[in-house]
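Quick note: numbers below take in every heavy atom, side chains included, and nothing from hydrogens, waters or symmetry partners. Counting from 1, the numbers follow the sequence of the chain as shown. Start at 1 and go down the list; that is how both ligands and their atoms are numbered.
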Amino acid sequence: LVGAAQALALAKNNISCVLVDKARTQDVLKATHDGRVSAISQASVKVLHHIGVWEELSFHANPIERIMVTEGARSAKVVFDANEVGEPFGFMLPNIYLRQALLRAVLDNATMIDFREVCGVKDVVITPSVQAVLEDETLLRAELLVIADGRYSTLRDKVGIHARKFEYGQEAIVCTIWHEKPHLNTATEWFFPVGPLAVLPMQGGHHSCVVWTEKEGMAAYIAGLPKATFCEELALKLQGVMGNISLESEVFRYPLNLFQASRYTAQNTVVIGDAAHAIHPIAGQGVNLGYRDVAALTEILVEAKRHGHTLGNATYLQRYQQWRSFDAASMIAVTDGLNRLFSTEKRSVKALRQLGMAAFERIKPAKMLFMEAAMGVSGDLPKMLQSKPI
Ligand SMILES: Cc1cc2nc3c(=O)[nH]c(=O)nc-3n(C[C@H](O)[C@H](O)[C@H](O)COP(=O)(O)OP(=O)(O)OC[C@H]3O[C@@H](n4cnc5c(N)ncnc54)[C@H](O)[C@@H]3O)c2cc1C
C-alpha cells in the first residue's frame with residue numbers, strides 16, 4: 001500500500017524508479033473484496049489525490065462522519081462530530097480497491113516506473129550507490145533505496161537498521177458484517193479489558209468492518225466458531241446496539257505487535273511505511289502514517305534534485321529522519337498508551353478513566369486536537385498534505 005504510492009508520487013514529480021514487489025499483479029487485479037478495510041484519513045486522501053487514484057477510489061469509500069468511543073452501552077461516551085470540522089474525518093475503503101488502483105496506476109506509468117512483480121529483493125549492497133540483487137539474480141543500481149517491505153521487513157536488517165519489537169499478546173479478528181440497525185456513518189470504538197473492538201461504517205448503511213481484539217488463543221477460538229455462533233457472540237459483545245448481525249466475509253486473524261525502526265535512514269537508504277513503524281490498529285492509523293512518510297520523502301527528494309544533489313544525499317535524508325521520527329513516535333505513544341489504558345480491569349484506573357472520558361467530552365479544544373490528529377492535518381505538514389505544489 002505504501003511502496004506503490006511512493007513510486008507513483010516520485011513519478012508524478014519526475015523522479016523515475018524501479019518498483020519491486022513479491023506479489024503477482026494478476027492475482028491482485030483479479031481479487032474481489034475480501035472483508036479487509038482501512039480507515040483513510042483526509043491527509044491520506046490528499047496523497048491519493050496527488051498520485052491520481054482518489055477519483056476512482058472515491059466510488060468505493062464511505063465517509064466517517066462521527067467517531068464514538070465507549071466502554072459499553074451504559075458507560076461514559078466521547079462523541080466526535082465531523083460537523084465541527086466541516087468535512088468527514090476520513091473514509092472507510094476496502095484494501096483490495098486501494099491495492100488495485102495503485103497497481104493500475106503503476107502499470108500506466110511504465111515510462112517512469114520500471115515495475116518488477118513476483119520478484120523479491122534478495123540482497124542489498126550499499127556502495128557509494130545502491131546495488132540490489134533480485135530473486136531472479138538481476139542486479140539493479142540506483143541512487144537511493146526506499147525500503148517498504150512491511151512490518152516483517154527483511155531488507156531493514158540487511159542495511160543494518162535494527163527494529164524494536166513488542167508483542168501485545170493480542171490478535172485482531174477482522175471481518176465484514178451486515179447489521180440490522182444503520183451505522184449512520186459512525187465509527188464506534190468499544191473498549192474492553194481484553195482490547196478494543198471497532199465497528200467501522202461501510203457503504204450501504206448496514207455494512208461495517210469489524211476489528212475485534214482478543215487475547216491470543218481466545219481469538220483463534222472465536223474466529224473458529226460456526227458463523228451463526230460467531231454473530232451471536234459479536235451481537236452480545238455490542239450489547240444489541242447494531243441489532244441482528246450476519247457475516248459477509250471470511251474471518252481473518254492478525255497477531256498484534258509493534259515494530260519501531262531505530263532510525264529511518266542509512267547510507268543511500270530510507271525506510272517508509274510499516275517497515276519503519278508498524279503500530280497497534282487501535283486508532284486505524286498505520287497506513288495513514290505511511291502516506292505521511294510518502295508526502296515528506298517526496299518533498300525532500302524533489303528539493304534535493306532541484307538543488308543539484310543526488311537522491312541519497314545524507315543531509316536531505318537526515319531531514320526526512322528528523323521530520324518523520326517525531327510524528328511516528330507520537331503515534332506509537334498514543335496507540336500504545338490507549339491500548340494499555342483501556343486494557344486493564346483495575347478498579348481505580350477504571351473509575352479515573354470514566355471520569356476522564358466524561359470530562360474530555362466537555363473540553364472542546366482537546367476534542368478539536370483529537371479530531372485534527374484523526375484527520376492527519378495537525379503538526380508540521382508536507383506540502384502535498386496542504387494541497388500546495390511541491
Ligand atoms: C487488523 C489491522 C487493521 C488495520 N486497519 C488500519 C486502518 O483502518 N487504517 C490504517 O491506516 N491502517 C490500518 N492498518 C495498518 C495497515 O494495514 C498497514 O499500516 C499497511 O498495510 C502498511 O503498508 P506497507 O505498504 O508499509 O506494508 P505492507 O502492506 O505489509 O506491504 C509490504 C509489501 O512488501 C512486499 N515485500 C515483502 N518483502 C519483499 C521483498 N523482499 N522484496 C520485495 N517486496 C517485498 C509485499 O509483497 C508487500 O506488497 C491495520 C492493520 C491491521 C493488522
Side-chain angles (χ1 to χ4, degrees), residues 1-7 18-25 27-28 35-45 47-48 64 67 89-96 98-99 102-103 106 115-124 132-136 140 145-158 168 170-175 187 189 195-202 208-214 219 223 251-259 261 271-294 328 331 335 374 376:
L1 296 180
V2 177
Q6 181 65 72
V18 185
L19 174 68
V20 183
D21 195 352
K22 277 190 165 175
R24 185 182 301 278
T25 305
D27 294 347
V28 179
R36 289 179 289 182
V37 182
S38 291
I40 298 294
S41 70
Q42 284 289 358
S44 294
V45 168
V47 173
L48 297 171
I64 303 170
I67 300 177
F89 296 119
F91 297 85
M92 291 311 300
L93 187 65
N95 285 6
I96 191 64
L98 183 50
R99 287 194 72 188
L102 291 170
L103 264 179
V106 164
F115 180 42
R116 314 285 176 102
E117 55 163 321
V118 213
C119 194
V121 176
K122 198 169 75 175
D123 210 359
V124 180
V133 185
L134 305 190
E135 278 161 1
D136 64 5
L140 301 173
L145 170 71
V146 181
I147 297 181
D149 56 347
R151 70 174 62 209
Y152 302 107
S153 170
T154 50
L155 297 178
R156 193 175 50 199
D157 296 337
K158 284 197 197 299
Y168 285 106
Q170 297 170 319
E171 281 190 44
I173 303 166
V174 178
C175 60
E189 185 101 0
L197 191 162
V199 184
L200 306 160
M202 293 176 61
S208 291
C209 171
V210 171
V211 182
W212 176 354
T213 315
E214 280 287 343
V251 177
F252 298 90
R253 276 194 293 132
Y254 295 91
L256 297 183
N257 43 35
L258 166 78
F259 284 89
V271 253
I272 63 169
D274 272 20
H277 38 62
I279 60 175
H280 195 290
I282 194 166
Q285 289 293 337
V287 84
N288 294 313
L289 207 49
Y291 286 157
R292 291 208 288 279
D293 294 345
V294 168
M331 191 56 80
T335 49

List ligand 1 atoms under 4.0 Å from A148, heavy atoms only on the residue side.
32 (C), 33 (C), 34 (O)
Side chain or backbone, does V174 bring an N or O within less than 3.5 Å of an N or O on ligand 1?
no
Point-to-point distance, once rounded to the nearest 0.5 Å, from CZ of F91 to CD1 of I64
8.5 Å
Output the distance between atom OG1 (T25) and atom CZ (R99), rounded to the nearest 0.5 Å.
9.5 Å
Tell me the protein heavy atom at minimum distance from atom 47 (O) of ligand 1, and give that distance in Å.
D21 OD1, 2.6 Å
Any protein heavy atom at under 4.0 Å, with atom 17 (O) of ligand 1 as the reference point?
no
Checking the N or O distance criterion of under 3.5 Å, is ligand 1 in contact with D274?
yes
Counting only nitrogen or oxygen atoms and a 3.5 angstrom limit, does A39 reach ligand 1?
yes
Just to confirm, does any protein heavy atom lie below 4.0 Å from atom 26 (O) of ligand 1?
yes
Starting from atom 34 (O) of ligand 1, which protein heavy atom do you reach first, and at what distance in Å?
D149 CA, 3.4 Å
When rounded to the nearest 0.5 angstrom, what distance separates CZ in R116 from CG in L134?
6.5 Å
Under 4.0 Å, counting heavy atoms only: does G290 come that close to any atom of ligand 1?
no
Which of the ligand 1 atoms, numbered from 1, are nearer than 4.0 Å to a heavy atom of Q285:
10 (C), 11 (O)
Calculate, to the nearest 0.5 Å, the distance between atoms CZ and CG belonging to R156 and D274 respectively.
9.0 Å
Regarding ligand 1, does V121 bring an N or O atom to under 3.5 Å of one of the ligand's N or O atoms?
yes
Atom 12 (N) of ligand 1: which protein heavy atom is closest, and how many Å away?
V287 N, 3.1 Å
Shortest non-hydrogen pair, G376 vs A43, comes out as O-CB, 3.3 Å
Closest to atom 30 (O) of ligand 1 among protein heavy atoms sits G150 CA, 3.6 Å
Going by the atom numbers of ligand 1, which of them fall below 4.0 Å from some non-hydrogen atom of N288?
11 (O)
Among all the protein's non-hydrogen atoms, which is closest to atom 23 (O) of ligand 1, and how far away is it?
V2 CG2, 3.6 Å
What atoms of ligand 1 come closer than 4.0 angstrom to any heavy atom of A172?
1 (C)
Nearest heavy-atom contact between V124 and K158 is N-CD, 4.2 Å
By number and element, which atoms of ligand 1 are closer than 4.0 Å to a non-hydrogen atom of L1?
21 (O), 25 (O)
Do you know the tightest heavy-atom contact between V20 and G120?
CG1-C, 4.2 Å
Identify, for atom 15 (C) of ligand 1, the protein heavy atom at the shortest distance, and state residue, atom and that distance.
G286 CA, 3.9 Å
Between I96 and V28, what is the shortest heavy-atom contact and its length?
CD1-O, 3.7 Å
To which protein heavy atom is atom 50 (C) of ligand 1 closest, and what is the distance rounded to 0.1 Å?
P281 CB, 4.2 Å
Those atoms of ligand 1 less than 4.0 Å from some heavy atom in G284:
7 (C), 8 (O), 9 (N), 10 (C), 11 (O)
N or O contact, V37 vs ligand 1, cut-off under 3.5 Å:
no
When you measure from the side chain of T213 to the backbone N and O of P196, does any donor-acceptor pair fall under 3.5 Å?
yes
In Å, rounded to the nearest 0.5 Å, how long is the span from CD1 of I272 to OG of S153?
11.0 Å
Could you tell me whether L155 and ligand 1 have an N or O pair separated by under 3.5 Å?
no
Suppose we measure from atom 44 (N) of ligand 1 to each protein heavy atom; which comes out shortest, and what is that distance?
K22 N, 3.5 Å
Walk me through it: do L289 and I279 pass the test side chain to side chain contact (heavy atoms under 4.5 Å, CB included)?
CA-CA 9 Å; L289 207 49; I279 60 175; 4.3 Å; yes
Minimal heavy-atom distance between V47 and Y291, with the atoms involved, is CG2-O, 3.6 Å
Output yes when a side-chain donor or acceptor of N288 lies under 3.5 Å from a complementary backbone atom of A39, and no otherwise.
yes
For ligand 1, which atoms have a heavy atom of V20 less than 4.0 angstrom away?
43 (C), 44 (N)
Atom indices of ligand 1 within 4.0 angstrom of G273 heavy atoms, with elements
26 (O)
Taking R36 for the side chain and F252 for the main chain, is one N or O donor matched with an acceptor at less than 3.5 Å?
no
Closest heavy-atom pair and its distance - A275, A261:
O-CB, 4.2 Å
